[in-house]
Structure formats: structure tokens, C-alpha cells
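Since the structure is predicted, the reported quantities are computational estimates derived from the model, not experimental observations.
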Amino acid sequence: QLQLVESGGGLVQPGGSLRLSCAASGSTLDYYAIAWFRRAPGKEREGVSCISSSGGITNYADSVKGRFTISRDNAKNTVYLQMNSLRPEDTADYYCAADAFGYSDYVSLYSYEYDYWGQGTQVTVSS
């Protein structure tokens, strides 16, 4: 059974950076697409970024394009979300999710398409 654990959240000033990690256990991530979602207080869950199993396809929400970068290191069974130029509106709980999507190279920012979820890590952007 695939298990995901996020880390790297914390408090950062506006304009600062954080790198979130999503570490997998119980299975190799080689065949899984990974996505990052976030939920801000009082708001709906939002897809932030996703990466295909091969790493060849990535996608970003318009709100984070040019500021966030998703990457994966299959040797470490870990996916990263590098977040730069952080804004107060990036404050949220961030979750990673995984799905094999039939062992294809498909990716998605729709949360209902993902079967495996981590417990989340909190990001607060404030001065």
C-alpha cells in the first residue's frame, strides 16, 4: 500500500521560498503521477501542480505559474514542490496525492482522480 508523507512546510515571509517534499513508502513511485493540492482556510481545495510518472509532463495552476516548480527523484521515491516568491495568498495546507492512472503518462489537477493522499503540511506566508 502506497503511503505519502509531506514535509517542508512552515512560516515564511512574503517573497520567501520553501521546498515541500512528498516521500513515498510501501511502493515505488516510478509508475505514479503525483499532484500537489492546497486548501486555504475557508476555501475549496485547489490543484497546484502535477507531474507525470515519467516526469515529462507537468502542469501548474495559473496562480502559481512561474513561481512554483514540481520535480521528482524516483531514486529517492520523492516528489518536490519548490515554491518561490511566496505570497500571503499561498497560505494553506498542502497535500500531495498519487495515482497510477493505469500506468500511463497521464496527469491531472482534479483531486477526485487521485487515490492516495498524504496528511498535509502547513504553509504560512506572513510578515
Side-chain angles (χ1 to χ4, degrees):
Q1 180 81 359
L2 180 67
Q3 294 182 318
L4 304 173
V5 177
E6 302 93 335
S7 61
L11 173 63
V12 63
Q13 291 188 339
S17 298
L18 283 174
R19 188 177 78 159
L20 304 184
S21 298
C22 173
S25 62
S27 178
T28 175
L29 275 183
D30 290 8
Y31 304 112
Y32 289 86
I34 305 294
W36 285 96
F37 296 88
R38 67 185 181 187
R39 177 175 280 152
K43 294 190 176 182
E44 302 262 329
R45 182 165 50 193
E46 173 191 18
V48 175
S49 182
C50 56
I51 187 166
S52 65
S53 57
S54 71
I57 302 172
T58 59
N59 197 9
Y60 298 91
D62 288 343
S63 57
V64 307
K65 275 181 184 175
R67 300 189 298 123
F68 290 12
T69 303
I70 192 170
S71 62
R72 64 191 300 152
D73 185 340
N74 285 354
K76 294 184 178 180
N77 233 24
T78 301
V79 173
Y80 304 99
L81 185 68
Q82 178 67 42
M83 307 188 297
N84 298 330
S85 303
L86 282 162
R87 304 167 180 168
E89 53 264 39
D90 295 317
T91 295
D93 292 326
Y94 283 72
Y95 302 86
C96 64
D99 202 280
F101 291 128
Y103 302 101
S104 71
D105 219 26
Y106 177 78
V107 288
S108 168
L109 281 177
Y110 293 109
S111 59
Y112 66 85
E113 296 197 278
Y114 288 84
D115 282 342
Y116 301 96
W117 289 81
Q119 84 292 345
T121 186
Q122 187 174 56
V123 172
T124 302
V125 184
S126 175
S127 55

How many angstroms lie between atom CG of N59 and atom CG of L109, to the nearest 0.5 angstrom?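 Result: 5.0 Å between the selected atoms.
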Between SG of C96 and CD1 of I51, what distance do you get to the nearest 0.5 Å?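 The CD1 atom of I51 is 12.5 Å from SG of C96, to the nearest 0.5 Å.
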Do the side chain of D115 and the main chain of D99 share a donor and acceptor less than 3.5 angstrom apart?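 Not confirmed, D115 side chain does not pair with D99 backbone.
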Main-chain N/O of S54 paired to D105 side chain as donor or acceptor, under 3.5 Å: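 At least one qualifying donor-acceptor pair exists.
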Under a 3.5 Å threshold, yes or no: a donor from one side chain and an acceptor from the other, between [X] and [Y]?
X    : Y    : value
S63  : E46  : yes
S53  : D30  : no
T124 : S126 : no

Side chains of [X] and [Y]: closer than 4.5 Å at any heavy-atom pair?
X    : Y   : answer
T69  : Y80 : no
P88  : P14 : yes
T121 : S7  : no

Taking 4.0 angstrom as the limit, do K65 and D62 come out as a salt bridge?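 D62 and K65: salt-bridged.
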Can you list the steps and then say if T78 with L29 is a side-chain contact (heavy atoms from CB on, under 4.5 Å)? CA-CA 8 Å; T78 301; L29 275 183; 5.8 Å; no
Walk me through it: do Y32 and V79 pass the test side-chain contact (heavy atoms from CB on, under 4.5 Å)? CA-CA 11 Å; Y32 289 86; V79 173; over 6 Å; no
Show your reasoning for whether side-chain contact (heavy atoms from CB on, under 4.5 Å) applies to M83 and R67. CA-CA 6 Å; M83 307 188 297; R67 300 189 298 123; over 6 Å; no
Partner of R38 under side chain to side chain contact (heavy atoms under 4.5 Å, CB included), chosen from D93, T91, L20, V64: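 Between R38 and the candidates, side chain to side chain contact (heavy atoms under 4.5 Å, CB included) is satisfied uniquely by V64.
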State, to 0.1 Å, how close F37 and A97 come at their nearest heavy-atom pair, and which atoms those are.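 Heavy atoms of F37 and A97 come nearest at CE1-CB, 4.0 Å.
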Do you know which two heavy atoms are closest between N77 and S27, and how far apart they sit?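 Heavy atoms of N77 and S27 come nearest at ND2-O, 2.9 Å.
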Between F101 and Y114, is the gap from one ring center to the other below 6.0 Å?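 Aromatic pair counts; centres sit under 6.0 Å.
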In terms of heavy-atom contacts, does OH of Y31 have more than 12 from other residues, nucleotides or ligands at under 6.0 Å?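 No, the 6.0 Å shell around OH holds no more than 12 heavy atoms from other groups.
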Hey, does the Lys NZ or Arg CZ of R39 hover above the aromatic six-ring of W117, less than 6.0 Å from the centre and inside 45° of the axis?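 Cation-pi check for R39 and W117: fails.
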